[in-house]
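Below: the structure, in structure tokens.
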Amino acid sequence: MLQIQQIKENKAATIEGLNRKYFKGGQEAVEQVLRLDEKRRETQVELDNTLAKSNALAKEIGGLMKAGKKEEAETVKAETGTLKVRSKELEESLKILESDLYEVLVTLPNLPHSSVPAGKTPEENEVILEHGTIPTLYDGAVPHWDLIKKYDIIDFELGNKIAGAGFPVYKGKGARIQRALINFFLDEAINAGYTEIQPPILINRESGFGTGQLPDKDGQMYHATEDDLFLIPTAEVPITNMYRDAILQESELPIKNAGYTPCFRREAGSWGAHVRGLNRLHQFDKIEIVRIEKPENSYAALEEMSLHVQSLLQKLELPYRVLRLCGGDMSFTSALTYDMEVWSAAQGRWLEVSSVSNFETYQSNRLKLRMKTEGKSQLLHTLNGSALALPRILASILENNQTAEGIKIPKVLVPYCGFEVIG
RNA sequence: AGAGAGCUGGCAGAGUGGUCGAUUGCGGCAGUCUUGAAAACUGUUGACUGUUACAGGUCCGGGGGUUCGAAUCCCUCGCUCUCUACCA
């Protein structure tokens, strides 16, 4: 959520930023926010004054009662009636104004960082780096959805039987390589200074609001209605919400957390080759890194996170590229996002495997996540990224490393897997 | 799941209708003393909102109610603890 104070002080820059994100009606929305805020403050002042009068009279009555002047007290009591009615009215309109303001405010996306390239579509994202060579596959090479059947390591039909589409069953070496990837990613994160977290994978409404899944993206989460809990779409939600409504000491920063969780997404996408196999699932595994930083350090932290993700891809010997997303393709909440894409040899296209973002104060404003310095509290910056999500990494490993003799496991994973080939 | 007891400032813990946003202790910060430190002593120390600054307003688990006035009474939801039951 954007800060009203910032909008007020930088009206033109706010509108310009909204435009760069291709947000429609930015100017009108900003003006509406300012109008509602002014009205809200006027009402607040009037309410405060009314309450102040009521409080003064109540004290007076208290004094008179103590002094035993009952009749005088009754006279003053009569005066409070109109004040009470008035403050009720004002309270009502204040509530309405506040929720109106909130409703407009939450529709506004975060403003893009100055380095964000102009553009609206994925094609306009800026490729800032390419690493590794795209492999030439042998003649019998096939996409991963054929490989998993050939080697019987992932069974979609079985998942379909016990849960539904998009819930794969990993078997044998398929299950073992999953576990190997999880441990590898977690170990790498710990070595990079992150603290391992095992959060709940069900969250309450407050947490959903905190990171912005609620109120309007609730259709994308599985909902346990009996207890009004939601299955997490990413570990970002519980791990970031650990710091909801918190005031941190400067000495506690930076905070670097990493957590492995299964992730659940209801709207896994439409049919077609782009969502076949492991490309898009209802349930998948992911290691997420989450950081809380002082504002002046957050962009250095973002670069560090990007390098961390890249080091994982390098160790897995996967050819990848890094994109700086353009304004129109960035997520709603992000100020700057890098996407890492891995080359999927048999599909012949780039697959997004990670997205690291700096949200600046957009999340912390709603979370009320602050730091205290010299008696003043200021909002902190939050960042997160996948490091990494398993399905597409697995797909790329399978496709890029396939040979006539089987699939070769990347060296770095062999100690974790306990085997060198799937064949 | 049943019965009971609770939920107050960073922590502990008073406060059962009237200057209570809240006694006190610990912790934190500043100072005095000291070569320095400790001890002792003195002062200070919640959040949000708001004003140029003051003032003012809101917050005692969340929400609602009674009252001129609520931390205190009532309703409701949530959570914690103890006992019983159940269970990986």
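In the text below, chain A, chain B and the rest are named by the order of the sequence lines, each starting its count at 1. The figures here come from the full heavy-atom set of this structure, side chains too, leaving out hydrogens, waters and symmetry mates.
- Nucleotides B:U35 and B:G43 are separated by 26 Å at their C1' atoms, to the nearest Å.
- Residue A:Tyr243 is tested with A:Ile292, A:Leu367, A:Val290 for a side-chain contact (heavy atoms from CB on, under 4.5 Å); the sole match is A:Ile292.
- On the C1' atoms, B:A12 is 26 Å away from B:C83, given to the nearest whole Å.
- Cation-pi geometry between A:Lys286 and A:Tyr260 is not met at under 6.0 angstrom from the ring centre and within 45 degrees of the axis.
- Going from the P atom of B:U72 to that of B:G6 covers 15 Å, rounded to whole Å.
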Derivation and outcome, salt bridge (Lys or Arg N to Asp or Glu O under 4.0 Å), residues A:Lys149 and A:Asp146:
CA-CA 5 Å; A:Lys149 273 197 182 150; A:Asp146 292 328; over 6 Å; no
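- Under 3.5 Å, the side chain of A:Asp48 and the base of B:G56 form at least one donor-acceptor pair of N or O atoms.
- Nucleotides B:C87 and B:G4 have their C1' atoms positioned 23 Å apart, rounded to a whole Å.
- Here A:Arg205 lies out of heavy-atom contact (under 4.0 Å) with every strand.
- The same atom, P, is picked in B:G69 and in B:U19; the two are 15 Å apart, to the nearest Å.
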Yes or no on salt bridge (Lys or Arg N to Asp or Glu O under 4.0 Å) for A:Glu89 and A:Arg86, after CA distance, side-chain angles and deciding distance?
CA-CA 5 Å; A:Glu89 284 169 10; A:Arg86 185 68 189 136; 2.8 Å; yes
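- A donor-acceptor pair shorter than 3.5 Å cannot be found between the side chains of A:Thr382 and A:Arg291.
- B:G46 and B:C20 have their C1' atoms separated by 15 Å, with the value rounded to a whole Å.
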Stepwise salt bridge (Lys or Arg N to Asp or Glu O under 4.0 Å) test for A:Arg392 and A:Glu341:
CA-CA 10 Å; A:Arg392 293 180 191 166; A:Glu341 296 185 334; over 6 Å; no
Dot-bracket for RNA chain B: what is it, with Watson-Crick or G-U pairs under 3.5 Å, [ ] where a pair crosses earlier ones, and | for a pair to another strand?
((((((((.[[[..)..(.....]]]((((((.......))))))((((......)))).[[[[[..)....]]]]])))))))....
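- No contact: A:Leu57 has no heavy atom under 4.0 Å from any strand.
- A:Lys95 comes within 4.0 angstrom of the backbone, heavy atoms only, and of no base.
- Atom name P, nucleotides B:C26 and B:U42: the rounded distance is 11 Å, in whole Å.
- Separation of the P atoms belonging to B:A39 and B:G28 is 9 Å when rounded to the nearest angstrom.
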